[in-house]
Each structure stands twice: as structure tokens, then as C-alpha cells.
Amino acid sequence: EDGGPQPEKHCGHGRGGMGEEVKRKEDQRFITGRGNYVDDIKKSGMLHCELVRSPHAHARIEDIDKSRALEVDGVVAVLTADDLLEYDLATMPTLMDDTQDVLVNDKVKFQSQEVAAVIATDRYTAKDGAQKVDVDYDVLDPVVDAADALEDDAPLIRDDIEGQEDNHCLDWETGDEEATAEVFDEAPVTVTEQMLYQRLHPAPIETCGAVGDYDPGKDKLTVHMTSQAPHIHRTLFAQVSGIPEHKIRIVSPDVGGGFGNKVPIYPGYVVAAAASYVLEQPVKWVEERSENIQSTGFARDYDMQGELAATEDGEILAVRTDVLADHGAYNAVAQPSKFPAGFFNIFTGSYDIDTAYGTLTAAYTNTAPGGVAYRCSFRVTEAVYLIERMVKVLADELGMDPAEIRRKNFIQPEQFPYESPTGWNYDSGDYEKALDKALEMADYDHYREEQQRRIETDADKLLGIGISSFTEVVGAGPGKSCDIAGVEMFDSAEIRVHPTGNATVRVGVQTQGQGHETTFAQIVAEELGMDVDDITVEHGDTDTDPYGLGTYGSRSTPVAGAAAAVASRKVREKAKAIAANELEAAEEDITWDRESGEFHVAGAPDRSISITEIAAGAYMNKPAGEDPGLEAVNYYDPPEMTYPFGSYIVVVEVDRETGEVEFEKFVAVDDCGNRINPMIIEGQIHGGLAQGIGTAMMEHVTFDDNGNVTGGDFMNYLLPTSMEIPNFETGHTVTPSPHHPIGAKGVGESPTVGSPPAIVNAVVDAMAHGGISHIEMPMTPDVVWEKLDEAGLAA
Ligand code: CDP
């Protein structure tokens with residue numbers, strides 16, 4: 001009714017509403033060691049499950065002998081596919097409707113695939129038992145590379161799919177092929193580059209796990225699990241098991257990072273639940289680090305060709321891309337059903353490019369299934385990498401400044417809402433403003449001069465400056481175009497204001513560390529004039545929370561955040577009637593004042609009433625004709641997605657002798673519309689930038705020719721630590737989303753999405769005068785040194 005908070009004007013009324021740096025409510029329990037993660041859950045009579053995993057990437061199972069394992073004191077049961085077949089649980093659907101073995105029935109398709117499960121009285125005994133399960137494998141030739149998998153003589157991986165004759169998984173295309181080809185044929189300048197977005201792992205600090213807890217008395221199955229999407233997991237459990245959905249409860253307690261890794265369902269969850277159902281005892285399964293990296297949803301693995309057509313003065317006319325995607329052994333990518341390549345199709349980025357065309361081919365390989373949205377909105381990370389790298393390639397080809405070429409091609413503020421050539425509707429943006437702010441913060445001109453000076457003086461360390469002016473797409477739905485396993489991607493919030501004036505808010509999304517218990521309370525505090533400390537936010541329990549699609553793709557704020565605002569406004573509507581009753585005025589004379597958070601009688605500012613007094617009225621002195629109580633629920637289907645953006649500038653020093661890269665300056669200017677909690681946003685940016693640095697410099701899941709995972713533990717899969725992370729300088733601009741009730745966009749993944757191209761652009765920039773146009777990630781010193789050598793720049 002009052003149009004929602006205005007940018008940055010809402011700050012400072014002191015109740016912990018929008019724009020205030022409220023300290024995170026959840027940190028009290030986290031920093032005092034009182035968090036409650038899946039592995040903290042202990043139930044009386046609880047058994048432990050350990051999975052037997054295949055040492056081979058491709059092998060037929062000839063025989064499984066359980067006898068030695070069953071002799072181990074304390075081993076209660078050994079399960080194989082045969083046992084699960086009895087309950088129709090031997091296979092499970094993936095999020096893309098493929099069928100994955102829960103325990104291998106016939107043929108192993110990737111190393112570390114789940115072959116058997118040992119249930120025992122404690123974890124050590126279960127592990128001892130697992131080592132005594134004798135599996136007879138007939139080893140087959142593996143194929144771990146997507147291009148090799150598509151060769152005619154490649155071994156067939158999916159002989160379980162009727163009619164499947166090769167390792168081809170799917171094709172996808174977007175844009176206008178013919179029109180794009182015409183522009184390329186006639187364009188004065190074209191550039192092309194091949195780039196691999198390497199296989200990464202989200203690597204949450206807490207691995208995946210579950211406690212299955214079937215209560216035969218109530219005939220109810222409770223599964224405590226590391227889930228980013230408890231409700232959709234409940235629906236899938238019901239569909240697979242045949243247990244009615246109201247007899248299943250999924251509880252996602254504190255979750256130690258998800259980053260997309262905890263969106264899919266894994267065999268361990270199913271086994272823990274099934275074993276507790278059969279044995280009528282709680283069963284816990286928690287995987288180890290190497291199991292997590294080797295068998296759960298990986299991310300990226302897109303081998304992309306990028307092409308730009310342009311005029312000689314740098315106007316981009318068209319973009320074209322062709323992608324080879326590795327989907328692993330099953331099609332288990334976690335993308336909305338109608339977008340098998342996720343949101344890769346916003347690969348025109350922040351630029352006003354009329355013509356675009358993209359194709360993708362996906363292949364099965366003998367590697368763990370995946371393609372999850374690792375801290376990104378489905379495949380937008382790959383799209384941003386492609387376009388932001390290509391703009392740099394074009395700038396170098398034309399000898400133009402990379403900031404200038406961006407400025408020349410940006411979609412202008414007055415063009416919003418902007419429809420992209422691949423059919424996406426951008427809500428709002430002011431890209432130049434963010435870039436200008438970043439350039440100023442980075443002292444850009446100074447570093448350009450310094451770069452030149454180092455080249456001229458033959459300095460030991462070269463300087464490179466990289467820019468990324470990315471646009472994101474976050475907040476899936478709308479339901480009409482986005483669904484997960486058929487369920488439309490709306491989200492929800494329920495608010496109950498209690499008689500003594502405080503409230504419980506329940507949301508359909510699930511936090512994995514993003515601070516939702518604080519920020520959702522801030523939204524409600526802002527909208528109802530309550531104090532943030534008087535609001536408790538609950539989530540992650542399907543028995544009590546309204547149905548939601550979960551947290552990934554930075555959708556919490558755009559979708560459930562909107563639901564929280566709309567539910568608050570519904571409460572406010574009822575509160576108005578109570579206010580009128582309490583103030584003995586006509587309802588039409590009652591106005592809501594955002595600043596004081598109170599209702600007033602028009603023309604009589606001293607006659608006001610707060611939500612606390614109204615809450616009492618709702619239960620103790622309700623107006624005639626009104627129902628008692630003060631609560632509301634909202635299921636919000638967003639009209640569109642939101643499009644946060646930013647400009648990142650990275651300055652690096654490249655050692656010509658060792659190939660080492662050091663960060664000299666790292667500037668990140670983000671725009672996520674109206675900001676709920678600037679301190680939490682800054683934390684999100686810092687964390688995401690650290691992951692971007694890991695991506696660009698260190699991380700890669702690799703395989704040898706035998707299909708062994710050679711990057712499958714933290715000795716070989718390198719995560720950045722504080723030693724590798726520079727000082728970040730963050731800034732912001734505020735361009736509200738016009739369609740979001742509080743003008744907010746998502747922000748959590750912007751830094752992971754936006755930073756890798758800025759970092760690669762910086763390292764390439766340091767060697768561009770030597771003719772280098774691209775360096776593959778991760779840019780370890782040996783990779784960088786080889787490029788220096790190739791350019792004749794190595795010392
Ligand atoms: O879905 P997820 O929570 O991962 O991502 P998000 O919606 O971008 O939110 C990440 C965190 O930043 C949450 O605590 C949000 O409430 C907060 N945030 C904010 O304070 N202001 C915004 N405009 C967007 C997010």
C-alpha cells in the first residue's frame with residue numbers, strides 16, 4: 001500500500017529492518033559450538049551405514065559375497081541391489097528423469113559408485129564390514145573424457161537404456177542460427193576462442209549425510225538429511241518409495257554449506273531411509289570427504305567455443321557458442337526441467353547484442369553424475385565466463401581498452417525491461433555506473449600506466465588488469481517456465497504473530513549458512529514495525545514449514561523473500577482492522593507509517609498503535625465480525641527473475657620466472673537492488689570471491705586414463721585458504737528490481753559467477769603484449785609459466 005521501502009531510505013529506524021547491519025542471530029549457536037548438523041544427531045538404538053564403493057570406473061559385477069562381512073561382530077545387515085529390488089528401491093530417478101542405481105545392479109559406471117551397504121552397531125564396525133564384502137568385478141574399458149566418449153569406438157556406458165547405441169546424452173540449442181550466421185559472414189571483425197570451464201566440486205565443508213528414522217508406532221518415516229530442498233526431496237521420496245507423502249518428514253537441520261551439492265538425492269540417503277524402514281531402527285550414514293568429492297554432484301565441465309562478430313570500432317554484432325558438456329554416468333544435472341543447459345542462454349551478458357546462437361551437446365562418461373549449480377543460478381556461471389572472456393579477446397584483437405569496449409556495448413538503463421536475443425527479460429540495470437565506480441576504486445588509470453612501465457623496463461613481474469561486468473539471472477521461477485521434477489518453482493512464507501507481540505516466521509527455503517534467520521526476520525520487522533529480536537525464523541522441516549522449492553541459485557531473497565514481504569502485508573491488512581477497532585476510528589482513516597512502524601489515525605498523529613498492541617487486540621479484543629488470530633501465509637510465484645549485476649576489477653602481478661600470480665588489487669562492486677543486510681551481503685561477497693579464486697587458480701577434479709579420480713580429496717583438490725585470499729575492496733550501487741515487493745535481487749552467488757573471468761582476464765592481460773589470448777583454469781604456476789614461455793616472456 002506504501003510501495004515498499006525505497007533504496008537506502010529505509011535504513012536506521014533501529015528496529016533491525018531493511019538496510020540495517022543486524023548481527024547474525026544464528027551465530028550465537030554456531031560460534032559457541034551449539035549447531036546441530038546431521039552428524040550431531042544421535043538416536044537411541046541408532047545403527048550406522050557404510051557404503052562399499054567400486055574401485056573401478058567401468059566394470060560388470062559378477063558376484064557379491066556378503067558372508068565374511070556378516071561374520072563381523074556388530075554387523076547387522078549387508079544390503080545389495082537384490083535386497084533393494086524386493087522393495088522396488090534398487091533404482092531412483094535423477095532430477096532430470098534418468099534412472100540411477102541406488103546400489104549397482106549390473107554394471108558399475110564410475111569410480112566410487114555405490115555397490116553395497118553395511119549396517120552395523122557403530123561406524124567403525126560398519127567400515128570393517130565394508131572391507132569384507134567381496135565383489136567380483138569384470139573390468140571394462142572406461143571413458144572419462146566427453147570428446148572421447150563421443151568417438152565411434154568408445155565403450156558404451158549406458159547399455160541399460162533401451163535403444164542407446166552411443167554415449168550421446170542430449171542436444172540443446174537457443175537463438176537464431178541463420179541470422180547469426182549471416183551477421184558472422186558479413187562482419188568486419190570476428191574472434192574465436194576455445195575455453196574449458198573445468199570440472200569443479202562444490203566441496204561444502206560438511207559432507208552429505210542422513211539419519212533415517214522410521215517410527216513403526218506412528219508408521220512415519222523421518223529423514224534428517226543434508227538437504228537444500230527438503231520439500232521436493234519429500235515428494236521424491238514419496239514417489240519412489242510409495243510411502244504416502246504425509247507419512248514422510250524430511251528435516252534439514254543446520255547445514256554446513258551446500259553450494260548446489262545438496263540439491264540432488266544420493267544413494268546414501270535412500271539406503272539410510274530404506275534400512276531404517278526395514279530394520280525399524282534409526283540408521284545414520286555420513287560420507288567422508290573423498291566419497292563426497294568422488295561420487296556426489298560435480299559442477300561445470302563445459303568445453304565452450306566462443307565467437308564474437310563486431311565492427312572495427314568495437315560494436316558487438318553477434319555472439320555464437322558451441323558447448324560440449326560432460327554429464328557423467330547419468331543425466332543427473334540439477335537444472336530446471338525445461339532448461340537442460342540451465343540458464344546458459346543468457347550468454348549475451350550485460351551487452352546489447354541483437355543476434356545470438358548457441359548449441360550444446362552432452363555426453364555420458366564413466367565419471368560421477370552431476371552438473372549441479374555450484375553457487376550459481378544453474379549454468380549462468382559458464383555463460384558469464386564465456387561472454388566476459390570473449391569481450392576481452394575482442395578488445396585485445398582490436399587494441400581497445402577492455403573498459404571502453406564494455407561501455408560501448410552495455411545495455412543502457414532506459415532499455416529496461418530488456419529482452420535478450422535468447423528471450424530473457426532483464427528487470428533493471430545500470431552497468432556503466434557499477435563499472436565507473438569499480439574503475440575509480442581500482443585506480444585503473446594508475447595501474448594501466450604501471451603496466452606499461454613494467455613492459456618498457458623489462459620488469460621481473462608483469463602487471464595485468466582484468467575486468468568482468470557480469471549480469472546474473474536469479475530467483476527461479478516463475479512457475480510457468482521453471483520447475484524441478486515437475487513442481488513449479490514458487491516459494492513461501494508463513495507468519496504467526498503471537499498474543500504477546502512477537503512472531504514466528506516459517507519459510508519454504510532452507511539456509512546453509514547464508515543468514516536467513518536474520519534477514520527474513522529483517523524483512524518482517526521492516527514490514528510490520530516489529531523489532532528484529534521479536535521474530536524467530538524457522539525452516540528445514542517439512543512437517544511444519546510451508547511447501548517450498550529450496551535454496552540454490554540465489555533464489556531465497558527473490559522468491560521466499562518476496563513471499564515474506566507479501567505475507568507481512570497480509571498481516572498488516574488485518575492489523576489495520578484491529579487498529580481501527582483499538583483506536584476507535586474508521587478503517588479507511590487508518591494509515592501505516594513505515595518510519596515509526598505504527599498505525600496512525602489520519603490527521604491525528606498522536607493517536608497511534610504498534611503491532612504489539614494490535615497483536616494483543618487480535619486475541620483479546622477482536623473487532624466484531626473478524627476471526628481471532630493474526631497470521632498469514634503467502635505462496636509467491638515471481639512474475640520474472642531478477643538480474644543482479646556487478647563490475648569486478650582484478651590487478652595481478654605475474655612472476656616471469658616462476659609463473660606465480662599474486663593479487664595486487666581486488667575490487668568488487670555489486671548491485672543486488674535494495675539491500676536487506678549490508679554486512680551479510682559483504683560476507684556473501686567475500687566467500688564467493690574466495691570460491692572464484694579457487695576456481696581460477698586451484699580447483700579441478702581430474703581423472704587418469706583408467707578412470708581413477710586423481711583430484712578426489714583435499715590433498716589433490718585444492719581449496720583456497722586465507723593464505724591465498726587477498727584483501728577485497730567491496731562497493732555497491734543500488735538499482736531496485738521493479739517487480740520484487742521490496743525491490744531486492746539475489747546476491748549470494750554473484751561473486752562466484754563474476755570473479756573467475758575477471759581473474760583470467762587479468763592474467764591474460766599481463767601477457768597480451770606477447771600475443772596470449774587465453775589461459776585455461778586453474779591457472780597454476782606451471783600453466784602460467786608455459787604461457788609466459790610461449791609468449792617469449794619467461795625470465
Ligand atoms: O538463496 P540464497 O540465500 O543462497 O541467496 P540470496 O537470496 O542471494 O541471499 C543470500 C543472503 O544475502 C541472504 O541472507 C539474504 O537475505 C542476503 N541478501 C540481502 O541482504 N539483500 C539482498 N538484496 C539480497 C540478499
Side-chain angles (χ1 to χ4, degrees), residues 4-5 7-8 10-11 16-27 202 204 228-229 255 257-263 373-378 380 427-428 472-477 489 491 493 505 507-526 532 537 539-540 548-565 636 638 641-646 670-688 691 732-737 740-754:
E8 306 292 302
H10 39 261
C11 308
M18 286 281 293
E20 291 188 42
E21 301 207 329
V22 177
K23 282 197 179 153
R24 291 176 17 132
K25 286 163 169 264
E26 44 273 82
D27 283 349
Q228 290 181 238
V255 175
F259 310 118
N261 186 237
K262 293 167 180 169
V263 175
Y374 163 29
R375 200 166 185 169
C376 86
S377 201
F378 307 107
V380 69
D427 58 347
S428 63
E472 261 242 80
V473 46
V474 307
M489 296 182 76
D491 230 288
V505 177
V507 288
V509 289
Q510 208 289 340
T511 183
Q512 307 108 41
Q514 296 92 327
H516 290 180
E517 286 164 47
T518 308
T519 47
F520 278 91
Q522 288 185 258
I523 295 173
V524 177
E526 172 74 29
V532 73
V537 175
H539 45 98
L549 271 288
T551 292
Y552 39 85
S554 284
R555 62 185 300 279
S556 301
T557 304
V559 196
Y636 188 82
M641 280 184 261
T642 67
Y643 293 74
F645 58 93
D670 273 279
D671 191 320
C672 60
N674 286 344
R675 305 186 314 150
I676 303 163
N677 186 324
M679 181 194 69
I680 285 183
I681 291 174
E682 195 171 7
Q684 293 282 307
I685 302 293
H686 280 208
Q691 288 178 311
H732 70 277
T733 57
V734 176
T735 314
S737 169
H740 189 281
I742 55 169
K745 304 179 179 185
V747 75
E749 61 203 28
S750 290
T752 332
V753 171

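Order of listing sets the numbers, starting from 1, for every ligand and every atom in it. Note that the structure is a prediction, hence the values are computed from the model and not measured.
- Using bins of under 30°, 30° to 60° and over 60° for the plane-to-plane angle, the ring pair Y374/F259 lands in the perpendicular bin.
- For Y552, there are no ring pair (Phe, Tyr, Trp, His ring centres under 6.0 Å) partners at least two apart in sequence or on another chain.
- Applying the side-chain hydrogen bond (donor to acceptor under 3.5 Å, both in side chains) criterion to Q514, with sequence neighbours excluded, gives T511, Q512.
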Tabulate distances under 3.5 Å between N/O atoms of ligand 1 and N/O atoms of the protein, writing both atom names on each line.
| from | atom 1 | to | atom 2 | distance (Å) |
| --- | --- | --- | --- | --- |
| ligand 1 | 1 (O) | R555 | N | 3.3 |
| ligand 1 | 1 (O) | S556 | N | 3.0 |
| ligand 1 | 1 (O) | S556 | OG | 2.7 |
| ligand 1 | 3 (O) | H516 | NE2 | 2.6 |
| ligand 1 | 3 (O) | S556 | OG | 3.3 |
| ligand 1 | 4 (O) | Q514 | NE2 | 3.0 |
| ligand 1 | 7 (O) | T557 | N | 2.9 |
| ligand 1 | 7 (O) | T557 | OG1 | 2.6 |
| ligand 1 | 8 (O) | V747 | N | 2.6 |
| ligand 1 | 8 (O) | G748 | N | 2.8 |
| ligand 1 | 9 (O) | T557 | OG1 | 3.4 |
| ligand 1 | 14 (O) | Q514 | O | 2.7 |
| ligand 1 | 14 (O) | T519 | OG1 | 3.0 |
| ligand 1 | 16 (O) | T519 | OG1 | 2.7 |
| ligand 1 | 20 (O) | I676 | N | 3.4 |
| ligand 1 | 20 (O) | N677 | N | 3.0 |
| ligand 1 | 21 (N) | I676 | N | 3.1 |
| ligand 1 | 23 (N) | C672 | O | 3.3 |
| ligand 1 | 23 (N) | N674 | O | 2.8 |
| ligand 1 | 23 (N) | K745 | O | 3.1 |

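- Residues that satisfy the ring pair (Phe, Tyr, Trp, His ring centres under 6.0 Å) test with F378, not counting sequence neighbours, are F343.
- Using modelled atom types, one finds a donor on one side chain and an acceptor on the other under 3.5 Å when comparing D427 with S737.
- Remark: the backbone N or O of I681 is not paired with any side-chain donor or acceptor of R675 at under 3.5 angstrom.
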